[in-house]
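The structure appears right after this line, and notes come after that.
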Amino acid sequence: MIKERLKDLISLSIERAKAAGELKIGEVPEIVLERPKEKIFGDWATNVAMVLASEAKLSSLDIARTILKYLDDKQHFLTKVEVAGAGFINFFLSNRWLSEVLKEVDALREGYGRSNLGQGQKVQIEFVSANPVGPMHVGHGRWAAVGDTLANIMVALGYEVTREFYINDYGTQMNIFGKSVAVRYCQLLGRDISFPEDGYRGEYIRDIAREIVEDDGDKYLNLSEEEREELFRKRAYVQVLEHMKKVLYDMGVDFDVWFSESDLHRSGAVNTTVRELRKRDNVYERDGALWLETTTFGDDKDRVLIRESGEPTYFAADIAYHKNKFERGFEKVINLWGADHHGYVPRMKAAIKALGYPEDVLEVIIGQLVNLYKGGEPVRMSKRTGEMVTLEELLQEVGRDAARYFFLTRSTDSPLDFDIELAKRQSTENPVYYVQYAHARICSIMDFAREKGITPLPASEVDLELLVHESELDLMRKLAEFGEVVERAALQCTPHILTRYAEDLASLFHVFYTQCRVISEDRDLTQARLTLTRCTQIILRNVLNLLGVSAPRKM
RNA sequence: GCGCCUGUAGCUCAGUGGAUAGAGCGCCGGACUUCGAAUCCGAAGGUCGGGGGUUCAAGUCCCUCCAGGCGCACCA
């Protein structure tokens, strides 16, 4: 890596200056190299002179000049080094290293951008985990896109990733769900009973009931209320779950594990977990309930594990779930939760500590909510009235590529305003089409070359030093950044930076295309530019692939 | 009241403690006899919510205030 070579070069220079008595400092600090925002400041810059200023009791400019004086570029991969601004040292690399980048891209293809950073570390990413009592909303779509993309990125970096969906198929809401379907069923068959106050009022409940009537008629009318509710709960649950799987699959998300909360109760895992917490002496009884002392591990109040009624809480099951995750050997567990659950984080972390696991094996990404708009007007959504736009409808309206891409353009810390009208109306100006257009354009150029009887040569046989135009160099520099961007997206859990990268890359290609003719009479230059074009195509595909967005040949 | 997130161009948002704060959309003006004009070029547009502090350097870190969102269950 060029960056490491530069660092060594700088360290060495500082050592020499020290030895010569021109810099009176202790240890040579960690050399920080950054990519300047402005290319007039070179390919890389370091702030080390400014960092040393106070210690060496010299102006940062003087230090920078001293470092420069002792810099020894034996290999001549630098074309220029300068001191600038408040004491930056800017490094300008020869264009040869950019040619090397093209050769690497061309050789590695879809492997470019991948690495073994993760070293096979076992990571579990739990996301979406929507309650199986109704259709998913657009917020779930955001977590689906973010979680799946993060998983793609981590897989590319050599982590062993499991995508997991936790099914909350237990507890009061499931009972209410069964009851809601049962009441609608009876109503459809002419019984005059009122709908429960806390029931799910969505139209989909009626649809499910109607299907049951169509399939089996009135044969469940004679069952007891309890029997009917239980039967319908199971039947409706399966239907809802299958539907969620289908919608997520249509969105390109394929979970490895669908983990049932009920199983934790059935298998006794919840009881075992509570017993272990008891054994560790972190629980106590009060008001007839069993409490976990989460406050000793950073929570602001203690939490109930077993209710007065003897039923374990959702929290107790969730602790058992996380214990199960660690028992399965995951070294890192990432949960994506909506902002409406952020208050839950300290208690979950506390529970993990209470079980004796280190706190940082669990990382919770809190994603802000999605606000839906239609033509500038907010769309009111309410679970109670059942008035909502489902993820399925959104996908049908705007399409998978646009939906995924849109969900990934913003930081998870920012709420996402999703205007359906806008997304549809702007469909041709949507950034996703901008990026895809660049790819389609490249495909078209490659076809054109073939029609002209030109066979593109491998990068290693092409004179890439011919690529000297500003737009060519800019494009190559952007290609060179890809690996770092992918790594940063993984380490900071910020998949959205990939969409920005994709747009930058597409933009630089469009500029290059406008300013440089790819296929011309100059055979060597044509080959060089075809190589650059092909490498751009490869990276566009790689980044779109990570985002789960298609790279069309034609649009 | 307490906690978390947010506040950056007309709008929607980027911005790993560094140099002249960026992009898309919108608005205005240009560019197709030649590889895809779903493109490109140019112009306009900013007290980075306010005030303190840390630092050689703050949109970024700390404190405080203001505004908005979301939480604060023996619900899930």
Side-chain angles (χ1 to χ4, degrees), chain A residues 32 34-38 40-41 45 47 49-54 59-60 84-88 90 129 131 133 168 170-174 176 198 261 286-291 300-301 303-309 311-318 338-346 366-369 371 376 409-417 419 422 426-431 433-434 436-438 440-449 451-452 484-485 488 491-492 494 496-497 499-500 503-504 506-507 509-520 526 529-530 533 554-555:
Chain A
V32 177
E34 63 183 28
R35 220 179 261 290
K37 274 182 288 191
E38 305 276 340
I40 57 163
F41 298 129
N47 62 352
M50 286 122 99
V51 172
L52 288 173
S54 60
S59 83
S60 47
F88 285 101
N90 297 334
S129 299
N131 292 332
V133 295
N168 304 132
Y170 184 89
T172 40
Q173 58 165 6
M174 286 302 289
I176 294 167
D198 54 358
E261 180 187 357
R286 194 180 76 200
D287 306 331
L290 188 73
W291 297 69
D300 56 356
K301 56 181 91 161
R303 309 290 172 173
V304 171
L305 289 174
I306 308 287
R307 285 182 266 248
E308 204 175 348
S309 65
E311 277 285 305
T313 56
Y314 174 83
F315 181 46
D318 214 5
D340 51 343
H341 287 85
H342 76 263
Y344 199 77
V345 177
I366 293 301
Q368 296 300 310
L369 303 175
N371 302 309
T409 50
R410 281 154 180 83
S411 149
T412 49
D413 285 337
S414 285
L416 175 58
D417 288 337
D419 192 315
L422 207 68
Q426 285 187 339
S427 62
T428 59
E429 286 141 8
N430 191 310
Y433 296 105
Y434 180 81
Q436 288 179 320
Y437 179 70
R441 201 179 213 183
I442 289 171
C443 292
S444 171
I445 295 167
M446 302 311 264
D447 289 344
F448 183 80
E451 281 166 28
K452 287 264 185 182
E484 303 167 34
V485 175
R488 206 149 49 86
L491 295 174
Q492 298 173 185
T494 52
H496 75 279
I497 64 174
T499 58
R500 189 152 285 266
E503 287 159 43
D504 289 347
S507 172
F509 178 76
H510 287 312
V511 173
F512 157 70
Y513 175 86
T514 308
Q515 298 190 4
C516 299
R517 181 147 185 106
V518 177
I519 290 147
S520 66
T526 296
R529 287 182 171 166
L530 274 176
T533 302
K554 292 190 189 314
M555 319 177 40

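Atoms considered below: every heavy atom in the structure, side chains included; atoms not considered: hydrogens, waters and symmetry mates. Every chain is numbered from 1 and lettered A, B, ... according to where its sequence line falls, protein lines coming before strand lines.
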message = For a quick test of reading the model, state the closest non-hydrogen atom pair linking A:Ile442 to A:Thr533 and the distance between them.
response = CG2-CG2, 3.6 Å

Ring of [X] versus six-membered ring of [N]: centres under 5.5 Å and planes under 30°?
X	N	answer
A:Tyr434	B:rA38	no
A:Phe88	B:rA19	yes
A:His341	B:rA76	yes

For [N] versus [M], give the span between their [atom1] atoms, rounded off to a whole number of Å.
N	M	atom1	value
B:rC66	B:rC11	P	24 Å
B:rA38	B:rA43	C1'	24 Å
B:rG18	B:rG22	P	14 Å
B:rC13	B:rU54	C1'	29 Å
B:rU16	B:rU12	C1'	23 Å
B:rU39	B:rC27	P	15 Å
B:rU6	B:rA23	P	23 Å
B:rG17	B:rA58	C1'	7 Å

The side chain of [X] lies closest to which of these nucleotides: [options]?
X	options	value
A:Arg410	B:rG36, B:rC13, B:rA19	B:rC13
A:Tyr437	B:rU12, B:rA37, B:rA14	B:rA37
A:His510	B:rC74, B:rA76, B:rU39	B:rU39
A:His496	B:rA37, B:rC4, B:rG15	B:rG15
A:Thr514	B:rU39, B:rA14, B:rC35	B:rU39
A:Val511	B:rA19, B:rC35, B:rC41	B:rC41

ask   = Does A:Arg441 make a cation-pi contact with A:Tyr513, if we ask for NZ or CZ under 6.0 Å from the ring centre and within 45° of the axis?
value = yes

ask   = Stepwise, does the side-chain contact (heavy atoms from CB on, under 4.5 Å) test hold for A:Leu416 with A:Gln368?
value = CA-CA 7 Å; A:Leu416 175 58; A:Gln368 296 300 310; over 6 Å; no

task = Round to a whole Å and report the spacing from OH of A:Tyr314 to P of B:rA76.
result = 9 Å

ask   = What is the distance, rounded to the nearest whole Å, between atom CD of A:Gln368 and atom C1' of B:rC5?
value = 4 Å

Scan [X] against the nucleic acid and name what it touches under 4.0 Å (heavy atoms): base, sugar-phosphate only, or nothing.
X	result
A:Asp287	base
A:Tyr344	base
A:Gln173	sugar-phosphate
A:Ser411	sugar-phosphate
A:Glu261	sugar-phosphate
A:Asp198	nothing
A:Lys452	nothing
A:Ala438	nothing
A:Ile40	base
A:Ala317	nothing
A:Val518	base

A:Ala506 vs A:Pro415, nearer the 5' end of RNA chain B by closest nucleotide = A:Pro415

task = Report the residue (A:Arg303 or A:Ser414) whose heavy-atom-nearest nucleotide on RNA chain B is the more 5′ of the two.
result = A:Ser414

Output yes when at least one side-chain N/O atom of [X] is less than 4.0 Å from OP1 or OP2 of [N], else no.
X	N	answer
A:Arg500	B:rC13	no
A:Ser444	B:rG36	yes
A:Ser507	B:rU39	no
A:Tyr513	B:rA37	yes
A:Lys37	B:rG18	no

inquiry  = I want to verify the glycosidic state of B:rC35; is it syn or anti under the 90° rule?
reply    = anti

request  = Look at the side chain of A:Asn90 and the base of B:rA19, then say whether one donor and one acceptor between them are separated by less than 3.5 Å.
outcome  = yes

[X] (side chain) donor-acceptor with [Y] (main chain) under 3.5 angstrom:
X	Y	answer
A:Ser444	A:Ala440	no
A:His342	A:Ala339	yes
A:Arg410	A:Pro415	no
A:Thr526	A:Ser520	yes
A:Thr313	A:Ile306	no
A:Ser60	A:Ala86	yes

key: Nucleotide-resolved protein contact map, nucleotides 26-32 of chain B, B/S/- at heavy-atom distance under 4.0 Å   = S------

Find the partner of [N]: check Watson-Crick (N1-N3 plus N6-O4 or O6-N4) and G-U wobble (N1-O2, O6-N3) distances, both under 3.5 Å, and reply none if neither fits.
N	result
B:rG22	B:rC13
B:rU54	none
B:rG29	B:rC41
B:rG3	B:rC70

note = Those residues at least two apart in sequence (or on a different chain) that pass side chain to side chain contact (heavy atoms under 4.5 Å, CB included) with A:Tyr170 are A:Glu261, A:Ser262, A:His265, A:Glu311

task = Begin from the C-alpha positions of A:Tyr437 and A:Tyr434 and carry the test ring-ring contact (aromatic ring centres under 6.0 Å, His included) through to its verdict.
result = CA-CA 5 Å; A:Tyr437 179 70; A:Tyr434 180 81; 8.1 Å; no

remark   = One should read off an interatomic distance between A:Met446 CE and A:Leu530 CG, to the nearest 0.5 angstrom, of 5.5 Å

task = Could you grab the distance from atom CD of A:Glu484 to atom CD1 of A:Ile497, nearest 0.5 Å is fine?
result = 10.0 Å

message = Before you tell me yes or no, could you show the steps for A:Phe88 and A:Glu34 under side-chain contact (heavy atoms from CB on, under 4.5 Å), namely the whole-Å CA-CA distance, both residues' side-chain angles and the distance that decides it to 0.1 Å?
response = CA-CA 11 Å; A:Phe88 285 101; A:Glu34 63 183 28; 4.0 Å; yes

When you compare the protein's N or O atoms with those of nucleotides 54-58 of chain B, which come within less than 3.5 Å of each other, and at what distance?
none

